[in-house]
Protein chains: 2
Amino acid sequence: MVRSRSGGRPTLEEVAARAGVGRGTVSRVINGSPRVSDATRAAVEAAVAELGYVPNTAARALAANRTDAIALVVPEPETRFFAEPYFSDMLKGVGAELSDTEMQLLLIFAGSDRERQRLAQYLAAHRVDGVLLVSVHADDPLPDLLAQLEIPAVISGPRSAQETLTSVDSDNYGGARSAVEHLLARGRRRIAHITGRLDVYGAQRRIDGYREALRDAGHAVDEDLIEPGDFTEEGGRRAMTELLARCPDLDAVFAASDVTAAGARQVLREAGRRTPEDVALVGYDDSAIARHMEPPLTSVRQPIEEMGRRMIDLLLTEIADRRPAVSRGLERRQVVLATELVERTSS
Amino acid sequence: MVRSRSGGRPTLEEVAARAGVGRGTVSRVINGSPRVSDATRAAVEAAVAELGYVPNTAARALAANRTDAIALVVPEPETRFFAEPYFSDMLKGVGAELSDTEMQLLLIFAGSDRERQRLAQYLAAHRVDGVLLVSVHADDPLPDLLAQLEIPAVISGPRSAQETLTSVDSDNYGGARSAVEHLLARGRRRIAHITGRLDVYGAQRRIDGYREALRDAGHAVDEDLIEPGDFTEEGGRRAMTELLARCPDLDAVFAASDVTAAGARQVLREAGRRTPEDVALVGYDDSAIARHMEPPLTSVRQPIEEMGRRMIDLLLTEIADRRPAVSRGLERRQVVLATELVERTSS
DNA sequence: ATCACTTGTGGGAGCGCTCCCACGGTACCT
DNA sequence: AGGTACCGTGGGAGCGCTCCCACAAGTGAT
């Protein structure tokens, strides 16, 4: 690897001169165009290697009007990002799928208003080719901003049944059903449900699954057995206290998240209810906490890593589609991945 | 905010036309140059607002040869990044210091060889103005690569006393001293030390602090009481087992990390030694685990968030310095921040 | 009135690439 | 033989900015 005489980094032009070809040809080789003869390609590749040529991203971005970067936007403060295994799993999947691409991943937190302001600015400057949106609430204005700026985006967890953005989700409805069916099969009849945040579509779908699993098995749904939570541990404690007071005869609890189940478990123990003998418990997420609970928690596993991979997949397709023609096919793409019930001793 | 007639995003030129000034003047206003009259500045700012102008980063990067981005390079797999509070605290400090800057932060993992390859490519392309390096081992080639590419960099934790890169560190020597002095003050006399990874400079400094605190207090250093660990829990168990076998009369343990202390604690309990009655225990990091241990662990707190802030500070200075002149002052900048002993009931 | 600065401003040149048109060469038809 | 088609290739134009030189107008000393 030789240093270019100019002292700086070698340019396309210099590579072309060295290989004895034109600028256009080098560009074609760099970008893997098939319209180059093998001999020429080899010569150019040799010159690239000799000079240690690396394309200037800024120049490319300017000329081609693309950035080769995508953003993973997390509308939460850093703290939650690190605390919840959801994000790290998602990141793993995203990273894996991106690793044999030229695309660069940016991680952007938009927890505070300040940060959201900056994000809006960032998107307006079109500094990324596409956006991955995770954990978005029903009333979040971000998706609309993205649509207005015409930036390709994929959302994890649609905001509603009418979601217009491309989305990847796990089967919340089916996951909830399997949890309830499992409890029914174990002979439980008074199954309570501590829900997630009601403004999250996925939480609604879990409630639907809970209801219909009971109905389809020929049981009436007792609304008293449904208590709203918010995915947190504290919410689980609160809801469980409420439920015990209202329905002391319950014999099972299906919680919308593992941490919620952990909160519920504390209250149950303090009330002298044994798990699973007196009250069976099923959580959601199959996070690390599920394995470490006492007793280990039965939980609905979502294929989060796989979701990350699919999101990238869809996003890259959308970016590619948008490039040459305006292929406004506009078929709504919604991917739903299956969940799996992981049975442990809490049920 | 009006859309530019061309359909795309407005350019500097269009803003200039609208404000009735030249391109250069708009550029000056955008970049906050003082050499613009108030009236002109106001006119330009109005035009910017009306058109909703946002500078094109790629064009700027190309023309000015800078990217306005810096990378936080983590030479570990994602998993460790999420597991250790060290990183999230660091990120918090970094983010805070960067928040009133135009600089963009990129998070880059370089755990696998594959990822390192990509990183090298990335740096060679000069896609960032500077690099923050955390948790680097003594034999890591990354710092040299950075030096060779002449990319400003700041390292957290120097690799050795001869570190050439600008560095920010906490006072490992002083932290260790304070831990040992605390144990001495509590009347302990047979104080063992489970070290960190020996190829980490900070771990060496802690050993130095341990030794000199004993010596300065007039005690001989018994080398049998020093057992190498590796910062992990498993390492703590192993080392503690070793120590108990070799020196059954020890009455205190200073561990180089909280997780190591947790490992040691398990072994001590299994051996029937009470903490703190029989064996006092002090950890390092003051991480969440310290607060949640049974009994709560006395630990040396490092101001990690502050370290993150200082690192950014130094890096931005270095980037700014490099821009116009080649101010090879080359005074080695090494910042060392004080630690604090957080006393709990384990000692 | 002249000169020497300073201040604010306009606009040319150029950053390194991609896009695309044009051109010579070969191959295959009529 | 001429015509048509398609390769592979060279290089002009232009992406939107910053840098810097040139210049007009103002200021104050001589």
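Note on naming: letters A, B, ... go to the chains in the order of the sequence lines (proteins, then strands), and numbering restarts at 1 for each one. The figures here come from the full heavy-atom set of this structure, side chains too, leaving out hydrogens, waters and symmetry mates.
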Compile the donor-acceptor pairs under 3.5 Å between side chains in residues 69-76 of chain A and protein atoms, sequence neighbours left out, one pair per line.
residue, atom, partner, partner atom, Å
A/E76, OE1, A/R80, NH1, 2.9
A/E76, OE2, A/R80, NH1, 3.1
A/E76, OE2, A/S135, OG, 2.8

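- A residue-by-residue look at B/A59 and B/G20 shows that B/G20 has its nearest nucleotide of DNA chain C further toward the 5' end.
- In this structure, A/V21 and A/R35 both approach DNA chain D, and ranking their closest nucleotides by distance from the 5' end singles out A/R35.
- Near DNA chain D, meaning a heavy atom under 4.0 Å from it, residues 23-33 of chain B has B/R23, B/S27, B/R28, B/N31 in order of number.
- With sequence neighbours excluded, the residues satisfying side-chain contact (heavy atoms from CB on, under 4.5 Å) with B/R127 are A/T57, A/Q104, B/Y122, B/A125.
- The side-chain contact (heavy atoms from CB on, under 4.5 Å) check on B/S99 picks up A/R114, with sequence neighbours excluded.
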Donor-acceptor pairs under 3.5 angstrom involving side-chain atoms of residues 30-48 of chain A: please list them, not counting sequence neighbours.
residue, atom, partner, partner atom, Å
A/N31, ND2, A/S27, O, 2.8
A/N31, ND2, A/S27, OG, 3.4
A/S33, OG, A/R35, N, 3.2
A/S37, OG, A/T40, N, 3.3
A/S37, OG, A/T40, OG1, 2.7
A/R41, NH2, A/S33, O, 2.7

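- With sequence neighbours left out, B/F81 forms a ring-ring contact (aromatic ring centres under 6.0 Å, His included) with A/F82, B/F87, B/F109.
- In this structure A/R118 satisfies the side-chain contact (heavy atoms from CB on, under 4.5 Å) test with no other residue, sequence neighbours excluded.
- The main-chain N or O of B/V136 is never found under 3.5 Å from a side-chain atom of B/R159 such that the two would form a donor-acceptor pair.
- For DNA chain C, the outermost nucleotides in 5' to 3' order that have an atom under 4.0 Å from a heavy atom of chain B are C/dT7 to C/dG16.
- With sequence neighbours excluded, no residue forms a side-chain contact (heavy atoms from CB on, under 4.5 Å) with B/E102.
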Check: residues 309-316 of chain B side-chain donor-acceptor pairs under 3.5 Å, at least two apart:
residue, atom, partner, partner atom, Å
B/R309, NH1, B/E306, OE1, 2.6

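- For the helix from C/dA1-D/dT30 to C/dT30-D/dA1, the end axes, each set by the C1' atoms of five terminal pairs, are bent relative to each other by 50° (nearest 10°).
- Annotation: salt bridge (Lys or Arg N to Asp or Glu O under 4.0 Å) contacts of B/R28 (sequence neighbours excluded): none.
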